[in-house]
**Q** 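Below are the structure tokens for one structure; questions will follow.
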Number of protein chains: 2
Amino acid sequence: MQKEHNLSKNQKIIFDLIDKSRGPMKAYSILFNVQKKGIKAPLQVYRALDKLVEIGKIHKIESRNAFIACQNSSCQVSKATVFSICESCENVSEISNSKLSKYLSNFSDSSGMKYSKYNLEFFGLCKKCKSK
Amino acid sequence: MQKEHNLSKNQKIIFDLIDKSRGPMKAYSILFNVQKKGIKAPLQVYRALDKLVEIGKIHKIESRNAFIACQNSSCQVSKATVFSICESCENVSEISNSKLSKYLSNFSDSSGMKYSKYNLEFFGLCKKCKSK
DNA sequence: TTGTAAATGTTATATTATTACATAATGTTA
DNA sequence: TAACATTATGTAATAATATAACATTTACAA
């Protein structure tokens, strides 16, 4: 069960923007878009982003320095993320594949390290771009 | 079989530095370290890094903006990388697990997208840090 | 109502990465 | 070898991403 998080004002403004966006958004593009709502400084954006990532409402696409709303409606898996990224149009979507998730969550290697978190990014060409 | 790449002067200087380093190195730390060898500007570093990544001699740790020498001695798999990252001491190592690699290389989902590349980063605490 | 944690506001600055332009070295092919 | 193309280099400026430090306010639990 997902814990209910009451978003603060800035967190809500920024989450709503990302959630409505078609694709991943970058921090300074977010900043630009929320300036009319009174959020004026990068730090205000980054603080909200940090919190939203922490509670799993959004994810960071590490290879793109961009943020996307969680697409697993009740995402308790903010610590286990898999994305599909088109290298041509930069479309990103979150993959939810329970077999893959299980496989990765249970993965362990000879180092004796137990992993509490992972992030996987797949790259390729999406259908549209492939056929061009 | 890996294609033989003759590294250029700057590429060699930078690869040697990363290869000798204990852990991942960041671009500006690399720059600082090679200034005595005549590499003065960030762009010189980034250009060498780009090339070294492209040919698989090094990998970028996306979540850390840092670079590490490929640890699979004859790495033809620069397009299929898996890392283990300790969130406490920031130690990073490359995981080579053929079962996992196969599983990920063959992964496909309902989108019809064929993936040509992936990067997976596992996070946790290493043995040392766990016992502190 | 008092204490504490979380969130906000603001300025400055640190860190990471690229654009633009000029030149040189290397490799290929006629 | 001359001519051409490709790759690499040098340099300056600047763009893009992210954090430090400090002051204040809001939310909420004891």
Side-chain angles (χ1 to χ4, degrees), chain A residues 3-18 21 23-68 78 85 87 90 92 119 121, chain B residues 3-18 21 23-68 78 85 87 90 92 119 121:
Chain A
K3 191 182 165 195
E4 190 54 49
H5 284 282
N6 296 310
L7 299 185
S8 73
K9 179 170 141 277
N10 288 0
Q11 288 159 16
K12 187 158 179 5
I13 291 170
I14 286 172
F15 174 73
D16 287 347
L17 177 66
I18 296 173
S21 155
M25 293 195 74
K26 307 202 133 207
Y28 276 72
S29 147
I30 293 168
L31 175 58
F32 178 80
N33 275 275
V34 297
Q35 272 174 335
K36 51 197 162 213
K37 306 218 171 180
I39 296 177
K40 293 177 201 153
L43 190 48
Q44 293 174 290
V45 173
Y46 280 105
R47 283 197 284 223
L49 289 173
D50 284 352
K51 187 67 183 187
L52 292 167
V53 166
E54 185 193 323
I55 65 182
K57 300 282 287 181
I58 65 173
H59 304 301
K60 181 171 188 181
I61 313 299
E62 293 288 357
S63 66
R64 299 300 186 257
N65 299 317
F67 300 85
I68 192 173
S78 73
I85 303 173
E87 289 187 294
E90 292 294 328
V92 172
N119 177 56
E121 300 180 3
Chain B
K3 192 185 165 196
E4 190 53 49
H5 285 281
N6 297 311
L7 300 184
S8 73
K9 180 170 138 279
N10 288 0
Q11 288 158 16
K12 187 159 179 4
I13 290 170
I14 287 172
F15 174 72
D16 286 346
L17 177 66
I18 297 173
S21 153
M25 292 195 75
K26 309 202 130 208
Y28 277 70
S29 145
I30 292 168
L31 175 57
F32 178 80
N33 275 276
V34 297
Q35 273 174 334
K36 51 197 161 210
K37 304 217 172 183
I39 296 176
K40 293 178 202 153
L43 190 49
Q44 294 175 291
V45 173
Y46 280 105
R47 283 198 286 224
L49 290 174
D50 285 351
K51 188 66 184 188
L52 291 168
V53 166
E54 184 192 325
I55 64 180
K57 300 282 287 180
I58 65 172
H59 305 301
K60 181 171 188 180
I61 312 300
E62 293 289 356
S63 66
R64 299 299 187 258
N65 299 317
F67 300 85
I68 193 176
S78 72
I85 303 173
E87 289 187 295
E90 293 293 329
V92 172
N119 177 56
E121 299 180 2

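Here is how names work: the chains are called A, B, and so on, in the same order as the sequence lines, proteins then strands, and each is numbered from 1.
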**Q** Is the phosphate of dT7(D), meaning OP1 or OP2, less than 4.0 Å from a side-chain N or O of Lys9(B)?
**A**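 No, outside the criterion.
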**Q** Taking for each residue the nucleotide of DNA chain C with the nearest heavy atom, is it Tyr28(A) or Ala48(A) whose nucleotide lies nearer the 5' end?
**A**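 The answer here is Ala48(A).
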**Q** Taking the nucleotide of DNA chain D with the closest heavy atom to each, which residue, Pro42(B) or Gln11(B), is nearer the 5' end?
**A**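 Going by which nucleotide is closer to the 5' end, it is Gln11(B).
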**Q** Classify the nucleic acid contact of Lys12(A) as base, sugar-phosphate or nothing, counting any heavy atom under 4.0 Å across all strands shown.
**A**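 The residue Lys12(A) makes no contact with any strand.
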**Q** When you match Asn10(A) and Lys26(B) each to their closest nucleotide on DNA chain C, which lands nearer the 5' end?
**A**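 The answer here is Asn10(A).
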**Q** Is there a side-chain contact between Met25(A) and Asn33(A) in this structure, where contact means two heavy atoms from C-beta onward sitting under 4.5 Å apart?
**A**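 Yes, at least one pair of side-chain atoms sits under 4.5 Å.
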**Q** Within the distance-only criterion (no hydrogens, no angle test), does the side chain of Lys37(B) pair as donor or acceptor with the backbone N or O of Ile14(B) below 3.5 angstrom?
**A**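 No; zero donor-acceptor contacts below 3.5 Å.
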**Q** Please report the closest heavy-atom contact between Gln11(B) and Leu52(B), naming both atoms and the distance.
**A**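 Distance-wise, the nearest heavy atoms are O-CD1, 3.8 Å.
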**Q** CD1 of Ile68(A) to CD1 of Ile61(A): how many Å apart, nearest 0.5 Å?
**A**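 So the gap between those two atoms works out to 5.0 Å.
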**Q** Whole Å only: how far is the CG atom of Asn65(A) from the C1' atom of dA18(D)?
**A**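 Checked: the CG to C1' distance equals 10 Å.
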**Q** In whole angstrom, what separates Asn6(A)'s CG from dC28(D)'s P?
**A**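 Atom-to-atom, Asn6(A) to dC28(D), this comes out as 7 Å.
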**Q** Find out whether Lys12(B) and Asp16(B) are in side-chain contact, i.e. whether some heavy atom of one side chain is under 4.5 Å from a heavy atom of the other.
**A**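 A side-chain contact exists here, since the closest heavy-atom pair is under 4.5 Å.
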**Q** Taking heavy atoms of chain B and a 4.0 Å limit, find me the 5'-most and 3'-most nucleotide of DNA chain C within that range.
**A**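 Using the under 4.0 Å cut-off, the span is dT16(C) to dA20(C).
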**Q** With a 4.5 Å limit on heavy-atom distance, are the side chains of Lys60(B) and Asn65(B) in contact?
**A**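 In short, these two side chains touch, coming nearer than 4.5 Å.
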**Q** Starting at atom CZ of Phe32(A), determine the distance to atom C1' of dA16(D), rounded to an integer number of angstrom.
**A**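 Rounded to the whole Å, the gap is 15 Å.
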**Q** I need the CG-C1' distance between Leu52(B) and dT9(D), as an integer number of Å.
**A**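 Those two atoms, CG and C1', are 15 Å apart.
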**Q** Find the bend of the helix from dT1(C)-dA30(D) to dA30(C)-dT1(D) as the angle between its two terminal axes (five pairs each), to the nearest 10°.
**A**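 One end's axis against the other's: 40°.
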**Q** Could you please name the option among dT19(D), dA18(D), dT11(D) that lies closest to any side-chain atom of Leu43(A)?
**A**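 Between dT19(D), dA18(D), dT11(D), the one nearest the side chain of Leu43(A) would be dT19(D).
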**Q** So do the side chains of Ile85(B) and Arg64(B) get within less than 4.5 Å of each other, counting heavy atoms only?
**A**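 Ile85(B) vs Arg64(B): side chains touch.
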**Q** Output the rounded distance in Å from CG (Leu49(A)) to C1' (dT19(D)).
**A**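 Between C1' of dT19(D) and CG of Leu49(A): 13 Å.
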**Q** Rounding to a whole Å, what distance do you find between Tyr46(B):OH and dA8(D):P?
**A**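 Interatomic distance, OH of Tyr46(B) to P of dA8(D): 19 Å.
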**Q** Taking only side-chain N and O atoms of Gln44(B), does any of them lie within less than 4.0 angstrom of OP1 or OP2 on dA8(D)?
**A**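 False: Gln44(B) side-chain N/O out of range (4.0 Å or more) of dA8(D) OP1/OP2.
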**Q** Would you check if Ile39(B) and Ile30(B) make a side-chain contact, meaning some heavy-atom pair closer than 4.5 Å?
**A**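 The answer is no, as the side chains (C-beta and beyond) never meet within the 4.5 Å cut-off.
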**Q** When you measure from the side chain of Arg47(A), which nucleotide among dT9(D), dC22(D), dA18(D) comes out closest?
**A**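 Nearest listed nucleotide: dC22(D).
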**Q** Quick check: does any side chain N or O of Glu121(A) sit under 3.5 Å from a backbone N or O of Glu62(A), one acting as donor and the other as acceptor?
**A**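 Judged by distance alone, yes, a pair lies under 3.5 Å.
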